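All figures in this text were calculated on a predicted structure; none of them were measured in a lab. Both counts, for ligands and for their atoms, begin at 1 and track the order of listing.
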Amino acid sequence: MNTHTGSALPTRHQRLITWINEVAAMTTPDAVVWCDGTAREYAAMLQITQEAGTATPLAKRPGSFLFRSDPSDVARVENRTYIAARSREAAGPTNNWIDPVELKSTMKQLYRGCMRGRTMYVIPFSMGPVGSPIAKIGVEVTDSPYVVANMHIMTRVGSRVLEVLGEDGEFIPCLHSVGKPLGPGESDGGLWPCAPLEQKYIAHFPEERTIWSYGSGYGGNALLGKKCLALRIASVQARDEGWLAEHMLILKITNPAGKSKYVAAAFPSACGKTNLAMLVPTLAGWKVETVGDDIAWMKFGADGRLYAINPEAGFFGVAPGTSPESNPNAMASITRDTIFTNVALTSDGDVWWEGIGYDAPGTLIDWKGAEWVQEGESEPRGPAAHPNARFTARASNCPSMASNWEDPAGVPIDAILFGGRRPSTVPLVHQARSWNHGVFMGSIVGSEITAAALDLKTGTVRRDPFAMLPFCGYHMGDYFRHWIGIGQRTEASKLPMVFLVNWFRRSAKGKFLWPGYGENSRVLAWIFDQCDGVPGKSIETPIGIVPVPDAITPPDGVSADDMRELLAVDVAGWRKELADIEAHHYPTFEDRLPAELAAELAALKQRLQ
Ligand code: SAT
Ligand code: MN
């Protein structure tokens with residue numbers, strides 16, 4: 001860590017220095033600190049936040065701390081997230097758009113003097129292994145020590161990044177402020193600083209490859225390497241450069257014969273990507289290892305196959321529902337060096353949340369800082385942990401990481417999965433007949449809404465194509481076209497096979513038909529065998545390729561009838577689905593909808609006649 005007053009800067013990158021000087025002149029912080037990514041610096045951030053009263057050290061978990069956010073600042077805010085491309089058309093119908101000149105002028109007013117009374121941190125970070133040809137460098141400027149500590153876990157931060165950047169390397173400027181300047185002698189009073197909703201802006205300038213975020217300290221709004229850089233800006237770069245930046249986990253699966261394959265899977269936020277990436281198979285002899293849990297960058301290798309890297313270095317996982325039962329590897333990852341946000345605190349200095357697998361041990365302090373008792377209360381009160389409470393944990397602390405997870409060449413992808421929470425219609429698993437049919441599957445993905453975004457009504461189904469609706473940095477119709485184009489760049493046999501999965505099917509009575517978690521290994525094993533060309537495991541149906549009745553052995557508690565229902569082709573349901581896509585979903589993309597997708601829709605309709 002380095003406090004500089006103008007001399008001895010840790011870089012000679014003139015463009016970077018000029019930008020930092022401009023930001024400091026605009027935001028007027030009390031001090032400017034260049035981050036070096038050391039353990040000492042991480043400890044200092046936690047010391048500062050402890051002294052400010054926003055971090056609580058956890059006696060039961062070494063190097064771990066609890067933060068409680070402001071109750072208004074608990075998730076991404078999609079209606080305050082903007083793609084400020086030069087034209088509205090370039091941002092497309094699914095993104096919020098403001099003219100970039102207008103947005104910059106509004107935001108400059110907010111940024112003026114916004115770091116008064118605070119320290120401005122300059123965080124050089126790498127998405128992907130430092131120095132690897134596929135990595136991208138960002139520099140985040142922030143007035144939040146909480147953000148610095150989280151960036152230490154989620155990305156590769158430090159002096160080595162500045163070395164790689166040299167004197168004129170490319171970097172993505174990421175400007176962040178919590179938006180709460182302090183008056184002379186004023187402090188945060190132990191409270192999480194942020195700005196009111198109408199002053200929050202999560203802004204992307206795709207042509208300039210620049211990110212400006214103001215007013216929120218939470219997750220994807222503030223840790224700008226994640227959704228803002230690695231998805232929204234990177235998706236634009238990927239379009240221009242012929243690769244893919246996707247909201248996908250990456251896992252390695254090994255069969256009992258010792259043969260391995262790699263799977264990338266896209267699910268909307270809070271639909272179990274972390275659990276699937278760290279799955280412990282219930283099927284004897286099979287092994288699953290983790291490469292990433294949220295983001296995949298995929299590029300063609302010299303052999304014409306798609307190779308994926310995980311650009312992140314940690315996990316920002318949903319805490320509620322995470323238990324030794326549902327995700328033992330995540331539980332092992334969070335025993336130390338972890339930042340918890342908005343979970344409950346026990347009296348002996350540990351964390352607790354709904355679905356952790358055991359009752360609350362006595363009186364807790366809930367995520368809002370109030371006393372909370374599990375039983376014996378007449379008044380029902382809210383949950384002890386916020387439903388979008390998170391843990392920030394290092395990948396290096398996760399026992400299921402694959403030994404090659406940091407290979408700069410990436411891992412060759414055999415299968416791509418799409419999925420969401422669908423109570424009906426979509427079967428447990430089915431396979432696309434072709435690449436374009438797979439792109440069609442990705443384009444129609446729908447899911448019941450979760451708590452990962454603040455401003456959406458939970459429990460209703462929305463279409464979330466490729467799980468990228470909140471994360472695509474340009475016109476989604478063009479994004480579909482880019483995916484079709486990827487399929488034309490190599491031989492069909494070298495492309496990953498595409499599957500649609502649904503762990504969330506319910507019976508007519510509302511009961512989940514499939515137990516999920518480790519039992520999903522049964523579905524992964526079928527997918528593995530399909531990729532391996534094992535004969536006799538599948539049949540063609542109008543909607544695509546499905547497992548033959550005995551290809552997936554039902555787990556305990558799933559009857560033969562349940563299994564039939566899980567794999568059935570619901571013709572009436574699909575007809576309704578297609579009518580909805582035709583009437584409400586595809587028209588959104590107007591003339592930018594690729595003809596190939598309209599043709600896939602028509603062909604599927606035909607097959608269902
Ligand atoms: O807050 S994040 O955007 O990082 C988490 C998520 O929505 O997936
Ligand atoms: Mn995500």
Are the ring centres of [X] and [Y] closer than 6.0 Å?
{"X": "Phe418", "Y": "Phe499", "result": "no"}
{"X": "Phe480", "Y": "Phe589", "result": "yes"}
{"X": "Tyr201", "Y": "Trp212", "result": "no"}
{"X": "Phe300", "Y": "Tyr307", "result": "no"}
{"X": "Trp503", "Y": "Phe512", "result": "no"}

Shortest protein contact, atom 7 (O) of ligand 1 (heavy atom only):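 Nearest protein contact, heavy atoms only, for atom 7 (O) of ligand 1 is Arg76 NE, 2.7 Å.
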Using a strict cut-off of 4.0 Å, indicate which atoms of ligand 1 neighbour a heavy atom of [X].
{"X": "Phe316", "answer": "1 (O), 4 (O)"}
{"X": "Gly220", "answer": "1 (O), 2 (S), 3 (O), 4 (O)"}
{"X": "Lys227", "answer": "2 (S), 3 (O), 4 (O), 5 (C), 6 (C), 8 (O)"}
{"X": "Ser269", "answer": "6 (C), 7 (O), 8 (O)"}

Measuring from atom 5 (C) of ligand 1, which candidate in Lys226, His247, Arg390 has the nearest non-hydrogen atom?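 Looking at heavy atoms only, Arg390 sits closest to atom 5 (C) of ligand 1.
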Using the Mn ion (ligand 2) as the vertex, how large is the angle between NE2 of His247 and OD1 of Asp294, rounded to 10 degrees?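 About 90°, to the nearest ten degrees.
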Report whether any nitrogen, oxygen or sulfur of Lys227 sits less than 2.8 Å from the Mn ion (ligand 2) (N, O or S, backbone or side chain).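 It does: Lys227 brings an N, O or S atom closer than 2.8 Å to the Mn ion (ligand 2).
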Polar contacts were defined as any N/O atom of the residue lying under 3.5 Å from an N/O atom of the ligand; does this apply to Tyr218 and ligand 1?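 N/O-N/O distance under 3.5 Å: no.
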Lys104 NZ: over 12 foreign heavy atoms closer than 6.0 Å: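 Buried by this count: over 12 neighbours within 6.0 Å.
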Are Ser177 and Asp143 linked by a side-chain donor-acceptor pair shorter than 3.5 Å?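 Distance-only check passes for Ser177 and Asp143.
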